[in-house]
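Beneath this line is the structure, given in structure tokens, with notes to follow.
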Amino acid sequence: CNRMSYVVEAAIGIDDKAATATRGWFRALHGSLPKALPLIARGKQLVENDSDPLAVATQAYAAGSAHTAAFDWPLAIEHMELAHRIVQEQCPDNPWLLTSIRYHLGFAWYYLGETQRTARELEGWIAEARERNDTFAVALLVGIGYGFSRHLLRDDPEAALEELESSAALIPPAPYSFPHLGNAFATITCLLYRGGSSALRYLDSHEAQHSDAFLLKSGTGLGARNIF
């Protein structure tokens with residue numbers, strides 16, 4: 001799969017009813033959650049009486065992703081868990097949307113300190129993605145979804161690095177999108193965990209790739225790059 005990201009497809013490709021919340025997501029992604037919140041609220045109003053569960057789930061997903069972009073983990077989780085429940089129970093034929101929700105949940109739980117839950121849930125979700133041969137989903141869940149962290153909880157950074165390397169090898173190197181960002185951040189985390197100078201060497205060797213990536217030049221992406 002060579003999509004720009006599951007985020008964009010999930011947020012835009014469903015229904016006009018989700019367009020308002022999607023605009024809110026774009027505002028939040030570029031660092032303006034206060035401007036995003038009225039759009040998110042309006043998007044919720046538009047689907048309140050909607051009988052289409054996919055429209056409701058997509059709106060909840062877009063709202064959760066907007067709060068994620070602003071590092072507002074509690075509200076991100078609240079929206080994403082609602083979206084996950086609806087998609088899993090009523091829209092099971094949308095694996096790409098389910099994957100988008102799941103990788104958001106993985107790192108939101110992790111940053112709230114729910115590391116055991118992240119490890120437990122991601123173990124099963126990665127297995128599901130492998131079973132359906134969805135390499136894009138595996139890369140997202142292992143990297144930006146913090147699935148790699150389950151290996152660190154077992155004190156096995158080498159297993160985490162091997163999984164990150166193998167999942168990255170199955171996705172196109174360009175365009176640079178969320179799977180690449182997640183893989184880079186996860187790899188650096190594992191190398192720092194292992195110790196030594198390997199994390200610095202990794203950053204140096206990938207500097208050109210990160211410098212040229214549009215995703216890392218503004219808003220949330222720029223913030224992520226500054227963490228590097």
Side-chain angles (χ1 to χ4, degrees), residues 1-10 29 61 64-65 68-69 71 73 76 80 84 95-112 114-115 117-154 156-194 198-199 202-203 205-207 209-210 213-216 220-228:
C1 177
N2 194 24
R3 299 184 179 99
M4 167 60 185
S5 74
Y6 276 27
V7 177
V8 174
E9 178 137 350
L29 186 65
Y61 165 77
S65 188
T68 299
F71 309 109
W73 307 121
M80 286 296 176
H84 189 268
W96 51 269
L97 178 56
L98 194 60
T99 294
S100 298
I101 295 166
R102 285 174 169 179
Y103 85 70
H104 279 79
L105 283 171
F107 69 76
W109 287 331
Y110 185 89
Y111 280 111
L112 276 185
E114 297 186 41
T115 54
R117 184 176 187 184
T118 300
R120 182 178 65 253
E121 299 288 2
L122 268 294
E123 187 84 59
W125 294 345
I126 291 168
E128 280 184 34
R130 287 200 170 109
E131 191 172 317
R132 65 175 185 266
N133 198 30
D134 190 339
T135 56
F136 201 78
V138 171
L140 281 165
L141 295 171
V142 169
I144 202 168
Y146 270 72
F148 73 92
S149 67
R150 70 197 196 282
H151 298 295
L152 299 187
L153 289 176
R154 302 168 189 146
D156 193 354
E158 299 306 325
L161 289 165
E162 288 174 13
E163 186 175 46
L164 286 163
E165 183 177 2
S166 63
S167 63
L170 298 175
I171 59 173
Y176 190 99
S177 60
F178 289 95
H180 306 90
L181 172 62
N183 186 274
F185 195 88
T187 299
I188 292 166
T189 301
C190 293
L191 293 173
L192 288 171
Y193 180 97
R194 190 171 65 179
S198 53
Y202 176 88
L203 283 169
S205 65
H206 289 77
E207 174 60 26
Q209 182 188 30
H210 296 148
F214 176 78
L215 179 63
L216 300 180
T220 304
L222 180 60
R225 185 184 173 196
N226 288 337
I227 293 173
F228 291 172

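Source: prediction; values computed, not measured.
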Check: Taking Thr68 for the side chain and Ala76 for the main chain, is one N or O donor matched with an acceptor at less than 3.5 Å?
Finding: no

Checklist line | Any donor-acceptor pair under 3.5 Å from His180 side chain to Ser177 backbone | finding: yes

Per-pair distances, 0.1 Å, donor-acceptor, side chain in residues 166-173, under 3.5 Å, sequence neighbours excluded:
{"unit_1": "Ser166", "atom_1": "OG", "unit_2": "Glu162", "atom_2": "O", "d": "3.2"}
{"unit_1": "Ser166", "atom_1": "OG", "unit_2": "Glu163", "atom_2": "O", "d": "3.0"}
{"unit_1": "Ser167", "atom_1": "OG", "unit_2": "Glu163", "atom_2": "O", "d": "3.0"}
{"unit_1": "Ser167", "atom_1": "OG", "unit_2": "Leu164", "atom_2": "O", "d": "3.1"}

Next item on the list: Applying ring pair (Phe, Tyr, Trp, His ring centres under 6.0 Å) between His104 and each of Phe178, Tyr61, Trp125, report the one that passes.
Entry: Tyr61

Checklist line | Side chain proximity check, Leu191 to Arg194, heavy atoms < 4.5 angstrom | finding: yes

Checklist line | Stepwise side-chain contact (heavy atoms from CB on, under 4.5 Å) check, His151 with Glu158 | finding: CA-CA 8 Å; His151 298 295; Glu158 299 306 325; over 6 Å; no

Check: What distance separates Leu98 CG from Ser100 OG, expressed to the nearest 0.5 Å?
Finding: 9.0 Å

Note to self: Take a 6.0 Å sphere around CD of Glu131 and say whether it holds more than 12 heavy atoms from other residues, nucleotides or ligands.
What the structure shows: no

Check: Counting heavy atoms not belonging to Glu123, are there more than 12 under 6.0 Å from its CD?
Finding: yes

Margin query: Using every non-hydrogen atom in the two residues, find where Leu141 and Ala129 come nearest and quote the distance to one decimal.
Written below: CD1-CB, 4.2 Å

Note to self: For Gly147, is there any backbone N or O sitting under 3.5 Å from a side-chain donor or acceptor partner on Arg150?
What the structure shows: yes

Check: Between Arg102 and Glu128, is any pair of side-chain heavy atoms under 4.5 Å apart?
Finding: yes

Next item on the list: Verify side-chain contact (heavy atoms from CB on, under 4.5 Å) between Glu121 and Leu105, making sure each step is shown before the conclusion.
Entry: CA-CA 9 Å; Glu121 299 288 2; Leu105 283 171; over 6 Å; no

Check: Arg120: what forms a side-chain contact (heavy atoms from CB on, under 4.5 Å) with it, not counting sequence neighbours?
Finding: Arg117

Notebook entry, point to check: Should Trp73 and Trp109 count as side-chain neighbours, where that means a heavy-atom distance under 4.5 Å?
Noted result: no

Next item on the list: Please name the pair of heavy atoms, one in Leu153 and one in Ala119, separated by the smallest distance, quoted to 0.1 Å.
Entry: CD1-CB, 3.7 Å

Check: Should Phe185 and Tyr146 count as side-chain neighbours, where that means a heavy-atom distance under 4.5 Å?
Finding: yes

Item checked: Ile126 side, atom CD1; Asp134 side, atom CG - distance, nearest 0.5 Å -> 12.0 Å

Notebook entry, point to check: Between Pro157 and Leu152, which heavy-atom pair has the shortest distance, and what is it?
Noted result: CA-CD2, 3.7 Å

Next item on the list: Could you grab the distance from atom CG of Leu122 to atom CZ of Phe107, nearest 0.5 Å is fine?
Entry: 11.0 Å

Next item on the list: For Thr189 and Phe148, run side-chain contact (heavy atoms from CB on, under 4.5 Å): C-alpha distance rounded to whole Å, both residues' side-chain angles, the deciding distance at 0.1 Å, then the answer.
Entry: CA-CA 10 Å; Thr189 301; Phe148 73 92; 4.0 Å; yes

